[in-house]
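The next block holds one structure in the form of C-alpha cells; read it before the comments.
What you see below is based on every heavy atom in this structure, not just the backbone, and it leaves out hydrogens, waters and symmetry mates. All values derive from a computational prediction rather than experimental measurement.
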Amino acid sequence: MTGTTRWRALLLAAVAACAACGLIYELALLTLSASLHGGGIVATSLIVAGYVAALGAGALLVKPLLGHAAITFIAVETMLGVIGGLSAAAMYVAFSFIGGSLWVLVLGTAVIGALVGAEVPLLMTLLQRGRTAGAADAGRVLANLNAADYLGALIGGLAWPFLVLPQLGMIRGAAVTGMINLAAAAVVAVFLLRTIISRRQLASALAVLTAAAMGLTALIVASDGIQSTTRQRLYADPIIAYQQSAYQEIVVTRRGPDTRLYLDGGLQFSTRDEYRYTESLVYPALGDEARTVLILGGGDGLAARELLRMPQVRQIVQVELDPAVIALARGPLRETNAGALDDPRVQVVVDDAMTWLREPGVLPDGGFDAVIIDLPDPDNPVLGRLYSLEFYALLTRVLAVDGLVVVQSGSPFSTPNAFWRTVSTLGSAGFAVTPYHVHVPTFGDWGFALARRGGTPPTPTVPDDAPPLRFLTQEVLDAAAVFPLDNAPQVLEPSTLDNLRIVEDMRAGYR
C-alpha cells in the first residue's frame, strides 16, 4: 500500500467515524424530543426535515472555504464535537430551568446539520488533493466517500440504541460522541494534514482540540451532578430512583408515605390513591370464575398485587416491554406491590404487547379468563398502536369465549375524545363494551372500558369472593357506569394502524 493509498484510507476511516457521530447527534435530538416533548410524528418530521435541509445549507455555506479545506475541516469537526457533545446537556438544562427547550432543539438541529453538511465538500476536496481527476476518477472518489459515510452512519445508528444510550445515557452519550469527533479531527490533523497546513496552524488546531476535549471530559465527570440537579427541579418530591432505559426515562419519587412513579415525565401512580385506580381496573374484569389472567403493561406490579389477593386466580401472565420497569417493581416499588412479581403464580414476560399477542406461545386451556390492559396513555404512535382496532382484534387469540377485557382508557373529562375513541375502537373490533369512570384524586376523573366478545355488554361487578377493599363497592361501580350530560357517550371512528386517530385526540390537549 503506497503512502497516498494509506493517506486516503485513513481519511476515509475518519469519514466513517465522523458520519457515525453525526447520526448519533441526530438520534440524540430525536430521543430528547421524545423524552422532553412527547416526540411524535410532527416533532420527528420537523427534526428529520430540518436536519436534512441543514445538510444542504451547510454544503453551500462552506463553498467559499474550500480553498482552505484542511484547516476548515479541523474547525468544522471541532465545532461539531463541542456543539454535538453539549447538545443533550443544553436541552436538558433548558427544559429543567426555563420550562421549555424547543428553541434549543431547533437551533441544535440546524447547527449540527449544517456542520455535518459541510463535511462532504471538504472531504471531497481533500481526497482530490494532488489529482487531475477525470470523470471516472471523480466518480470513484465520490463512491468511496459515500461508502465510508453510509457505513459510519450505520455504525452510529446501531450504536445509539444498543450501546451508547443504555450504557451512558443521553448527556454522557452525546459528550462521549463529541470526544470521538474531536479524536477523529486530531488524527486527521496529525497524520494527514501536517504537510498541508503550517506548523503554527497545526499547533493552534491541536490546542483548540485539546481544550475542547478537556471541556467535554469535565462535562462527562460532572454529568451525574448536572442530571441530578436539573432532574430534581422537575419533580416536587425527592427522587429515590432514576433510570434511562432503552425505551423511556423512569423516575421514582418519595415524600413521607407517598411514592410516585413517572415514565418520561408522566405520572403513573401515587400511593396516596393508586388503590382507587387499581381496584377499579382489576376487580370488574374477574367476575366469579376468572382463574387465569393476562396483564398487558402494568409492569409496576400493582395489578398483579390485587389479583394475588383473589384465591381463585391460579395463573397470571404479565407482559411488560421494559425490563427496567420490572427491575424497579422488584426493587424500590417492591413494598408498594407486595412483591407480586416474585410470586410463583406470576409469569413475567418481557416483550412488546402486540408482538406477544401475535405469537403468545402456550395458553391456558380455552384462553385467559380475563385480560387487563394497563398501558400508558397513547400520546405517541408507539403507544397509539396498542389502542388500535388491530390490537384489540388480536385479543381474540388469547381470550376465553366468555372472558372479559378491561382497558385503562384515560380521563373521560379531560380527554373525552381519546376516552370515547377507545370505547368505539373496542366496539369496532367486535367487543360489546361498557364504559365506566371513577374519581382518582391524583388524576381526576378516570375511565375504563369493560368488554366481552360480542353479545350483551358486561355489567361491572365486584366479585362475590373479593377481599376487603378500600374503595370499590358494588354501589360505586353501579354509579361509575353513569355519565353526566357534559360528558355524554360518543360514537367515533375507530383508531387503526393506518390512522392512529387516538394519538391526535391526545395531542389536541386537555379540556
Side-chain angles (χ1 to χ4, degrees), residues 35 38 99 231-242 248-285 295 297-307 309 320 322 325 328-329 332-338 340 372-380 383 387 406-419 422 435-450 460 469-473 476-477 479-480 483-484 486-487 505-506 509-511:
S35 296
R231 189 185 307 123
Q232 186 60 72
R233 290 182 61 89
L234 301 175
Y235 300 93
D237 302 325
I239 295 172
I240 64 167
Y242 166 81
Q248 59 203 335
E249 181 185 71
I250 308 167
V251 172
V252 180
T253 68
R254 181 174 296 156
R255 185 179 295 276
D258 185 14
T259 299
R260 301 187 175 207
L261 171 66
Y262 297 84
L263 300 180
D264 280 339
L267 178 63
Q268 303 303 302
F269 73 79
S270 164
T271 51
R272 290 176 57 243
D273 53 22
E274 61 80 11
Y275 63 90
R276 284 185 167 225
Y277 170 94
T278 309
E279 290 177 5
S280 301
L281 172 73
V282 170
Y283 291 100
I295 306 173
D300 50 39
L302 300 181
R305 178 199 67 195
E306 292 301 317
L307 289 171
R309 298 179 66 197
E320 165 63 44
D322 195 343
V325 174
L328 279 175
L333 300 179
R334 183 180 180 83
E335 182 179 354
T336 303
N337 62 42
I372 295 171
I373 303 179
D374 187 18
L375 297 165
D377 292 338
D379 55 6
N380 63 63
L383 291 170
Y387 287 77
V406 65
V407 182
Q408 92 77 15
S409 307
S411 173
F413 181 82
S414 298
T415 54
N417 284 353
F419 176 79
T422 300
Y436 62 100
H437 61 130
V438 299
H439 180 66
V440 181
T442 300
F443 295 140
D445 187 37
W446 208 258
F448 307 87
L450 184 66
L469 304 179
R470 299 173 63 186
F471 169 70
L472 199 65
T473 65
V476 168
L477 267 182
F483 287 82
D486 66 349
N487 196 21
D505 294 336
M506 292 297 299
Y510 296 96
R511 182 168 72 171

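If you take CZ on F443 and OG on S414, they are separated by 11.5 Å, rounding to the nearest 0.5 Å. Taking OG1 from T271 and CG from N337, the interatomic distance works out to 12.0 Å, rounded to the nearest 0.5 Å. Taking CG of L383 as the reference point, atom CE of M506 lies at 9.5 Å (rounded to 0.5 Å). Note that CZ of R272 is 12.5 Å distant from CZ of R255, once rounded to the nearest 0.5 Å. Between L302 atom CG and D374 atom CG the span is 8.0 Å, to the nearest 0.5 Å. A distance of 13.5 Å separates CH2 in W446 from CZ in F413, rounded to the nearest 0.5 Å.
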*For T415 and D505, run side chain to side chain contact (heavy atoms under 4.5 Å, CB included): C-alpha distance rounded to whole Å, both residues' side-chain angles, the deciding distance at 0.1 Å, then the answer.*
CA-CA 7 Å; T415 54; D505 294 336; over 6 Å; no
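In this structure, Y262 contributes its side chain and T253 its backbone to no donor-acceptor pair below 3.5 Å. Side-chain atoms of S270 do not come within 3.5 Å of backbone N or O of D273 as any donor-acceptor pair.
Considering D377, I373, L375, I372 as possible partners of Q408, the one that fulfils the side chain to side chain contact (heavy atoms under 4.5 Å, CB included) test is D377.
For the 3.5 Å distance criterion, the side chains of Q268 and D300 fail to qualify, holding no donor opposite an acceptor.
In terms of heavy-atom proximity, A304 sits nearest to I295 at N-CD1, 3.7 Å. Counting all heavy atoms, side chain and backbone alike, H439 lies closest to D445 at ND1-N, 4.2 Å. In plain terms, the two heavy atoms of D258 and R260 that are nearest each other are OD2-NE, 2.8 Å. Taking all atoms of both residues into account, the shortest heavy-atom contact from T336 to R305 is O-NH1, 3.0 Å. Between S411 and F419, the shortest heavy-atom contact is O-CB, 4.1 Å. Nearest approach of A449 to S409, heavy atoms of both residues: N-OG, 3.5 Å.
Using a 4.5 Å cut-off on side-chain heavy atoms (C-beta onward), V282 and T278 make contact. Counting heavy atoms from C-beta on, the side chains of L477 and P284 come closer than 4.5 Å. When side chains are defined from C-beta on, R276 does not count as touching V438, because their heavy atoms never get closer than 4.5 Å. Taking 4.5 Å as the limit, some side-chain heavy atom of L263 sits within range of a side-chain heavy atom of I250. Taking 4.5 Å as the limit, every side-chain heavy atom of R254 sits out of range of all side-chain heavy atoms of P238.
Partners of E306 under the salt bridge (Lys or Arg N to Asp or Glu O under 4.0 Å) rule, at least two apart in sequence or in another chain, are R309.
Checked against a 6.0 Å centroid threshold, the rings of Y277 and F269 do not count as neighbours.
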